[in-house]
Amino acid sequence: MNNRYDVVIAGAGPAGGQCARDLATRGYDVVVLETESEEEFPRQSNKSTAGTFPSMMASFGIPDDVVMQYTDSVVLESPTDHYVRKQPGAVLEFADFKRFLVEDGRDDGAEYRFDARVTAPIMEDGEIVGVRYNGDEEVYGEIVIDATGPAAPLAKKLDVVDLKRENHAIGIEYEFEGIDIDRPGFADLHDAMMLRLDHEIAPGGYSWIFHTGEDTAKVGLCYIQNESHSEYAREDTSIDDYLTHWLETDPRFANAERIEGKQHRGSAHIQPPGKVHTDRFMAIGDTVPTVDPLWGEGINKCMQSGRVAAVTADTCLKHADHEPTAENLEVYDSLWHRDVAPNQRKRLLMTQLLYLAPNERYDELMADLNRLDDDTLAKANRGNVGAITKLLGLEDVPLVARLAKQQLKLKGLL
């Protein structure tokens with residue numbers, strides 16, 4: 001078995017899979033190491049709600065046959081109100097999507113090794129030169145990429161990422177049938193992706209219903225284990241308890257039944273990213289802390305991250321005298337901030353402010369969104385200060401002051 005490659009990638013998720021696809025099409029020798037067995041892939045890592053938009057599908061050549069349901073709108077809900085925006089989207093069958101990336105990468109020459117748990121980097125003269133997996137097996141590469149998500153076994157040991165527990169987001173999702181998709185008093189969720197802001201259901205986070213056809217949908221919630229969650233959470237209540245509470249109290253689920261085998265769990269870190277590369281190494285996808293959980297469209301961000309990493313590797317590997325040093329891999333950092341997460345600090349602050357707001361403010365937000373033009377929310381999502389200001393009022397001054405105090409504490413100034 002070959003043990004020397006141009007690029008070694010740990011993790012076969014959207015970021016690792018897309019990076020392998022792009023590198024293989026450029027003719028490079030690339031191997032992907034994946035913890036799970038091929039027969040069950042992606043049983044353990046099948047965690048995403050998989051909501052995306054046509055631009056992502058077209059950009060990365062994703063086929064229609066991995067789509068569970070095309071949608072026409074995005075719905076935001078508060079405890080007593082809602083806002084509907086017409087926006088075409090797609091809910092993916094995430095397992096089929098991940099298997100497509102593997103198969104397509106293989107067709108272009110990428111090698112995949114399943115049942116390959118990455119444990120540590122192989123170092124020479126202070127630089128990573130390969131990866132150790134399954135205890136004592138080794139593989140070497142000119143460039144090594146960590147796409148393992150929050151586990152980050154390589155990035156952590158290289159001190160590339162500093163993942164903090166207080167910024168850890170966790171999520172749970174089930175697929176159901178028998179849901180009342182068009183319940184009186186609620187928005188019509190036929191062909192829609194719905195996100196709900198309600199601390200009774202997801203304290204310091206959000207919940208969702210993604211229609212997948214007829215009376216079926218993906219239903220889940222996510223929250224960040226931070227100050228917002230601590231303020232609104234009920235004592236000794238787990239994320240499973242919150243989902244159960246929602247299922248028992250929302251009339252749309254009165255006749256709903258879980259679809260066997262369709263449950264997903266996941267996690268991410270919600271914090272500003274630090275370093276994303278060093279000598280001969282890049283961290284991609286969810287190995288890099290997420291910019292924001294609500295508006296980020298995580299699949300697209302992971303795919304973009306994998307793509308810019310492939311572009312960066314190509315700039316080094318195609319020139320024999322262009323070593324993949326940290327300095328020469330700096331282009332990845334630049335592309336990440338330009339293409340993957342522009343205005344990331346403003347967007348993260350906006351999301352943090354959103355989760356600090358009480359339920360009553362969420363009801364007011366829906367009224368504001370229904371009053372303003374649709375572009376306001378889109379611009380605010382991109383970090384436009386003017387649009388964010390339009391969504392704020394005098395009643396938000398205490399929230400802004402509280403967020404500012406939190407930021408000063410994080411910087412050690414308070």
Side-chain angles (χ1 to χ4, degrees), residues 49 51 71 73-87 89 169 171 173 179-190 192-211 217-224 226-229 231-234 237 239 242-243 245-254 292-297 347 349-381 387-400 402-403:
T49 53
T71 56
S73 61
V74 173
V75 178
L76 296 183
E77 280 190 1
S78 67
T80 65
D81 203 355
H82 63 265
Y83 162 76
V84 181
R85 176 178 177 175
K86 293 296 182 182
Q87 183 167 330
E173 174 188 86
I179 294 176
D180 192 347
I181 297 296
D182 190 11
R183 177 82 180 187
F186 295 88
D188 182 359
L189 298 184
H190 280 103
M193 292 187 283
M194 184 277 280
L195 300 172
R196 182 180 179 93
L197 296 166
D198 185 343
H199 293 301
E200 284 295 312
I201 297 168
Y206 61 99
S207 58
W208 61 85
I209 301 174
F210 283 10
H211 186 216
K218 295 184 176 186
V219 179
L221 65 89
C222 171
Y223 55 70
I224 309 165
N226 58 13
E227 185 174 331
S228 297
H229 175 72
E231 176 177 352
Y232 294 109
R234 297 187 292 274
T237 304
I239 192 167
Y242 283 113
L243 183 54
H245 170 68
W246 189 23
L247 295 171
E248 291 176 346
T249 56
D250 192 315
R252 290 173 290 190
F253 304 129
D292 52 15
L294 183 54
W295 314 111
E297 197 197 352
R347 296 176 66 200
L349 288 173
M350 185 184 78
T351 304
Q352 291 172 331
L353 182 64
L354 186 69
Y355 291 152
L356 281 172
N359 275 357
E360 296 76 16
R361 185 62 181 93
Y362 292 151
D363 291 331
E364 293 172 8
L365 175 62
M366 298 305 125
D368 292 340
L369 291 174
N370 282 306
R371 173 177 52 84
L372 298 166
D373 61 85
D374 286 345
D375 285 342
T376 300
L377 181 60
K379 289 178 180 178
N381 182 36
I388 294 172
T389 302
K390 283 186 179 181
L391 296 174
L392 297 175
L394 290 176
E395 71 272 22
D396 296 314
V397 171
L399 285 178
V400 174
R402 184 177 168 190
L403 178 61

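Because the structure is predicted, anything quoted here is derived from the model rather than measured. Just so you know, these numbers use all the heavy atoms, side chains as well, and skip hydrogens, waters and symmetry mates.
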**Study point:** Candidate pair Leu353 and Leu392, rule side-chain contact (heavy atoms from CB on, under 4.5 Å), full reasoning
**Key:** CA-CA 10 Å; Leu353 182 64; Leu392 297 175; 3.8 Å; yes
Point to revise | Polar side-chain atom of His199 near backbone of Ala233 as donor-acceptor pair, under 3.5 Å | key: no
Practice item. Over 60° means perpendicular and under 30° means parallel, so classify the ring planes of His211 and His190, tilted if in between. Key: perpendicular
Point to revise | Closest contact, heavy atoms only, Ile224 versus Tyr355 | key: CD1-CE1, 3.6 Å
**Study point:** Heavy-atom closest pair, residues Ala187 and His82
**Key:** CB-CD2, 3.5 Å
Point to revise | 4.5 Å side-chain heavy-atom contact, Arg234 and His245 | key: yes
Revision key, fill the gap. Rounded to the nearest 0.5 angstrom, the CG-CG distance for Leu391 and Asp368 is 6.5 Å
Check your understanding: Tell me, do Ile201 and Thr249 make a side-chain contact under 4.5 Å, heavy atoms counted?
Key -> no
**Study point:** Residue pair Pro79 / Arg196, side-chain heavy-atom distance below 4.5 Å
**Key:** yes
Practice item. Could you please spell out the steps behind the side-chain contact (heavy atoms from CB on, under 4.5 Å) verdict for Tyr223 and Ser228? Key: CA-CA 9 Å; Tyr223 55 70; Ser228 297; over 6 Å; no
Exercise for review: Check the pair Leu197 / Leu76 against side-chain contact (heavy atoms from CB on, under 4.5 Å), numbers first and verdict last.
Suggested key: CA-CA 8 Å; Leu197 296 166; Leu76 296 183; 5.9 Å; no
Exercise for review: Enter the distance from Ile181:CD1 to Phe186:CZ here, rounded to the nearest 0.5 Å.
Suggested key: 12.0 Å
Review point. Once you round to the nearest 0.5 Å, how far does CD of Glu364 lie from CG of Asn359?
Key: 11.5 Å
**Study point:** 4.5 Å side-chain heavy-atom contact, Tyr242 and Ser207
**Key:** no
Review point. Looking only at atom types and distance, does a side-chain atom of Tyr232 sit under 3.5 Å from a main-chain N or O of Gly205, one as donor and one as acceptor?
Key: no
Practice item. Over all heavy atoms of both residues, which pair between Cys222 and Ala202 is shortest? Give the atoms and the distance, please. Key: O-CB, 3.9 Å
Review point. When rounded to the nearest 0.5 angstrom, what is the spacing between CG in Leu369 and NZ in Lys390?
Key: 12.0 Å
Practice item. In sequence, state the C-alpha distance, the side-chain angles, and the governing distance for Val219 and Trp246, and then conclude on side-chain contact (heavy atoms from CB on, under 4.5 Å). Key: CA-CA 10 Å; Val219 179; Trp246 189 23; 3.6 Å; yes
Exercise for review: State whether the side chain of Asp373 and the backbone N or O of Thr376 hold a donor-acceptor pair below 3.5 Å, judged by distance alone.
Suggested key: yes
Check your understanding: Are Glu77 and Arg252 ion-paired here, with the side-chain N under 4.0 Å from a carboxylate O?
Key -> yes
Check your understanding: Given side chains that start at C-beta, do those of Phe253 and Ile179 come closer than 4.5 Å, heavy atoms only?
Key -> yes
Point to revise | Atom pair CZ/CG of Arg183 and Asp250 - distance to nearest 0.5 Å | key: 8.5 Å
**Study point:** Closest non-hydrogen atom pair, Ser78 against Met366
**Key:** OG-CG, 3.4 Å
Practice item. Taking all non-hydrogen atoms of both residues into account, name the closest pair between Ile239 and Leu221 and its distance. Key: CG1-CD1, 3.3 Å
**Study point:** Short side-chain to backbone donor-acceptor contact, Tyr362 and Leu354, under 3.5 Å
**Key:** yes
Review point. Between Lys218 and Thr49, which heavy-atom pair has the shortest distance, and what is it?
Key: NZ-O, 3.4 Å
**Study point:** Point-to-point distance, once rounded to the nearest 0.5 Å, from CD of Glu173 to CG of Leu243
**Key:** 9.5 Å
Point to revise | Within-4.5 Å side-chain heavy-atom neighbours: Leu365 and Asp81 | key: no
